[in-house]
Asks: 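Got a structure for you, questions after.
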Amino acid sequence: MKKVLKMTGLTTAAVLMLITTACGNSNTAKPTDTQPSTSAKAAESKTPTEITIISPTYNDSPKNDLEGILQVNQKLNVKINATYVPSNNYDDKVNVMLASNDLPDLTVVWDITKQNWTQALGQGAFWDLTPYIKNYPNLSKIDPNIYSALSFNGKNMGIPRVRPQDGHESLIIRKDWLDKLGLQPPKTTDELYKVMEAFTKNDPDGNGKADTYGFASFATPSPQTYLFSMFGSSSSQNGALMQGWAKDSSGQLTPAFASPQMKAALTYWSKAFKDGLVVPDYPVMKAQQLKDMFIQGKIGMYVGNIVDIYNSPNVIKELQKVNPKADAVAYELPAAPDGKRYYEKSTGSFGQLMISKKVSEDKMKKILEVMDYGNSLEGWKQIQYGVKDKDYTDTSIPTIVVQTDAGKANQYTNPGQWIPGYFNKYSRAEHGDMPQEVIKYDHDLVDAISKNSILDPSAGINTSTNGEKGADFLKKINDNEINTLVGKNSVDDWDKFVKSMMDDASFQKLAKEVNDAYKAKTGGK
């Protein structure tokens, strides 16, 4: 799910820190020659360049002597020394290391908008990679918008851990329920409402009981964006700012929660909740619970990644254990009341890879060489999955592999957390279990979505007020959105809340900072 990928597990503990800038370190050189090179001494002696890394892991920590990693070492004349920290504790660990100025050569950084990272960047603790990226063939091909969304004061301070920008918002529907009730996939929000009603009231599973819902979503941490984005509004957490922003006709950035589109979305969905068409447990529902309910035949639609149907557990296989004719298909989101389709374009990354300024320029270039290899299809597979035909086997889809038992035992795919990854715009629409005709259909679906998806214009913008008050603002917005959706507050109450926010002096200061930063970033355009 989008907000699972976009918005999941990124909270950090507050850390007070003092940063000792390394700009004057004797090992640091000014970027005079931006061509990739190794140090003269390393070139002469062939001594591998040791690269220390800290990275999150989602399972057991992989070893540094995995054959795939050793082959990378030999190929690039390096020695990878990665330390892995469980993802649940990762932020706390790197925050402490940052505060003590004890980070390794390369660090996986999830969110540079936190005050401690912003301070460290402002003090020159990391290399500005802007003048170097163009010299690396794979890194230079990454979409400039992906770099921009992660930039700091217009500079590229890291290499993005790339992710697809589209495919996280599709309408996943029980196709067999549509067929049974003589319905077509909804193309408008009005048609969506009628399908929700039919799935709730017309016994789509044929068991004679009123035990189904037309739609479900989940609320961790702010996924009502799935409900709002189809109306042309947002409450996203793209980039630096924790609230969604949109550009108005005058070129000003305005908060999405205050838009007419947001009010229209709240009016629509609060009625659906009141009419009993949406699972009432929405405020406490988790992503896996939603998928479980879909498999159990309790709900007929939800918004999620296109590939979610085939991700484990495979929805179709699970459904067909009970009903051999069951089917699920991903469709475009319905058009908004204005007749247009809207999608949120992802920033295209999950954090970035930042190089300590304590390392020399030559070593920085060697690290970029490793990153460039990790952004190629060959390098991504070798680091992520291991040795071909030993740790993994290829499939007919170049970006889909099958991990062998040996590869699983060696803790692949965890080593790939510290590389940029290989950018594949269709990775949210591909799976090894998919028939060829489904792959073609899903690729076309991504292409259709990408024509209408829009990146939050505030992505890549940092402001001091956001660092101080952004989390509080976001909580107020989310709480009032949920309370309005479930009927605790009325739409009139929402109007009063919006006015109170827009009249808040601190929020007005944030809005001014956002617009000033946006003008500086875009040259006043």
Side-chain angles (χ1 to χ4, degrees), residues 19 21-25 27-39 51 53 98 103-114 117-163 165 238-241 347-376 418-421 423 455-463 516-525:
I19 295 291
T21 179
C23 290
N25 189 290
N27 290 329
T28 302
K30 293 183 178 180
T32 55
D33 176 12
T34 60
Q35 296 301 314
S37 67
T38 58
S39 70
I51 300 174
I53 302 169
L98 177 65
L103 287 171
D105 302 330
L106 182 70
T107 301
V108 175
V109 182
W110 279 334
D111 183 4
I112 66 168
T113 68
K114 303 300 182 183
W117 292 100
T118 300
Q119 183 179 349
L121 286 163
Q123 294 180 336
F126 299 93
W127 274 95
D128 174 7
L129 304 178
T130 309
Y132 301 94
I133 291 169
K134 65 180 182 295
N135 297 302
Y136 296 84
N138 299 306
L139 299 182
S140 62
K141 291 177 183 176
I142 296 175
D143 188 331
N145 290 321
I146 297 177
Y147 278 113
S148 178
L150 294 174
S151 65
F152 176 77
N153 294 337
K155 297 178 180 180
N156 299 321
M157 305 304 296
I159 303 299
R161 298 168 78 216
V162 293
R163 299 291 187 271
Q165 294 166 292
N238 272 342
L241 298 166
T347 55
S349 65
F350 180 28
Q352 55 189 310
L353 304 148
M354 294 168 52
I355 302 174
S356 170
K357 197 64 180 292
K358 289 189 292 184
V359 309
S360 69
E361 183 180 18
D362 285 338
K363 186 172 183 179
M364 177 272 292
K365 292 177 182 177
K366 174 57 75 172
I367 295 172
L368 287 182
E369 186 181 344
V370 175
M371 294 297 98
D372 192 66
Y373 183 64
N375 192 239
S376 68
W418 52 261
I419 59 172
F423 182 79
L455 179 66
D456 188 322
S458 70
I461 292 175
N462 299 275
T463 83
D516 289 346
Y518 181 72
K519 289 177 182 177
K521 178 181 176 182
T522 60
K525 298 179 180 179

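All values below come from the heavy atoms of this structure, side chains included, with hydrogens, waters and symmetry mates left out.
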Asks: Please report the closest heavy-atom contact between Trp418 and Leu353, naming both atoms and the distance.
Replies: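 Minimum heavy-atom separation between Trp418 and Leu353: O-CD2, 3.5 Å.
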Asks: Pairs under 3.5 angstrom only: tabulate donor-acceptor contacts from the side chains of residues 148-155 to other protein residues two or more places apart or in another chain.
Replies:
| residue | atom | partner | partner atom | Å |
| --- | --- | --- | --- | --- |
| Ser148 | OG | Lys521 | NZ | 3.3 |
| Ser151 | OG | Ser148 | O | 2.8 |

Asks: Between Trp110 and Arg161, is a side-chain contact (heavy atoms from CB on, under 4.5 Å) present by the stated rule, with each step listed?
Replies: CA-CA 9 Å; Trp110 279 334; Arg161 298 168 78 216; 3.4 Å; yes
Asks: Checking Pro457 now: which residues fulfil side chain to side chain contact (heavy atoms under 4.5 Å, CB included) with it, not counting sequence neighbours?
Replies: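 Side chain to side chain contact (heavy atoms under 4.5 Å, CB included) list for Pro457, sorted by chain: Leu253, Tyr518.
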Asks: Nearest 0.5 Å, what's the NZ-CG distance between Lys141 and Asp372?
Replies: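 So the gap between those two atoms works out to 9.0 Å.
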Asks: Atom NZ of Lys363 and atom CD of Glu369: how far apart are they, to the nearest 0.5 Å?
Replies: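 If we round to the nearest 0.5 Å, Lys363:NZ and Glu369:CD are 14.0 Å apart.
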Asks: Looking only at atom types and distance, does a side-chain atom of Lys114 sit under 3.5 Å from a main-chain N or O of Asp111, one as donor and one as acceptor?
Replies: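 Between the backbone of Asp111 and the side chain of Lys114 there is no qualifying donor-acceptor contact (under 3.5 Å).
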Asks: What heavy-atom pair brings Val162 and Gly421 nearest, and what distance separates the two atoms?
Replies: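 Minimum heavy-atom contact is CG2-O, 3.5 Å.
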Asks: Determine whether a donor-acceptor pair (N or O, by modelled atom type, separation under 3.5 Å) exists between the side chain of Thr107 and the backbone of Val109.
Replies: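 Not a single qualifying donor-acceptor pair exists.
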Asks: First locate atom OH of Tyr132, then atom NZ of Lys365, and finally report the distance between them rounded to the nearest 0.5 Å.
Replies: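 Nearest 0.5 Å value for the OH-NZ distance: 6.0 Å.
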Asks: Checking Tyr147 against Ile142 for the side-chain contact (heavy atoms from CB on, under 4.5 Å) test, could you report, in this order, the C-alpha distance in whole Å, the side-chain angles of both residues, the deciding distance, and whether it holds?
Replies: CA-CA 8 Å; Tyr147 278 113; Ile142 296 175; 3.6 Å; yes
Asks: For the atom pair CD1 (Ile355) and CG (Asp128), what is the distance rounded to the nearest 0.5 Å?
Replies: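 Between atom CD1 of Ile355 and atom CG of Asp128 there are 11.0 Å.
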Asks: Run the side-chain contact (heavy atoms from CB on, under 4.5 Å) test on Glu361 and Trp127 for me, step by step, so that the C-alpha distance in whole Å, both residues' side-chain angles and the decisive distance to 0.1 Å come before the verdict.
Replies: CA-CA 9 Å; Glu361 183 180 18; Trp127 274 95; 3.8 Å; yes
Asks: So how far is it from Asn138 CG to Leu368 CG, rounded to the nearest 0.5 Å?
Replies: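 Answer rounded to 0.5 Å: 12.0 Å.
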Asks: Give me the one residue out of Leu129, Asp105, Ile53 that meets side-chain contact (heavy atoms from CB on, under 4.5 Å) with Ile367.
Replies: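 By the side-chain contact (heavy atoms from CB on, under 4.5 Å) criterion, Ile367 pairs with just one of Leu129, Asp105, Ile53: Asp105.
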Asks: Do you know which two heavy atoms are closest between Pro160 and Ser349, and how far apart they sit?
Replies: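 Shortest heavy-atom separation between Pro160 and Ser349 comes out as CB-CB, 4.0 Å.
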Asks: So which atom in Ile419 and which in Gly374 form the shortest heavy-atom distance, rounded to 0.1 Å?
Replies: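 Looking at all heavy atoms of both residues, the closest pair is CD1-O, 3.8 Å.
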Asks: Please report the interatomic distance CG(Leu139) to CG(Asn375), rounded to the nearest 0.5 Å.
Replies: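 Taking CG in Leu139 and CG in Asn375, the distance rounds to 5.5 Å.
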Asks: In sequence, state the C-alpha distance, the side-chain angles, and the governing distance for Phe126 and Trp117, and then conclude on side-chain contact (heavy atoms from CB on, under 4.5 Å).
Replies: CA-CA 10 Å; Phe126 299 93; Trp117 292 100; 3.6 Å; yes
Asks: In this structure, which one of Ile159, Ile112, Leu103 forms a side-chain contact (heavy atoms from CB on, under 4.5 Å) with Met354?
Replies: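 Between Met354 and the candidates, side-chain contact (heavy atoms from CB on, under 4.5 Å) is satisfied uniquely by Ile112.
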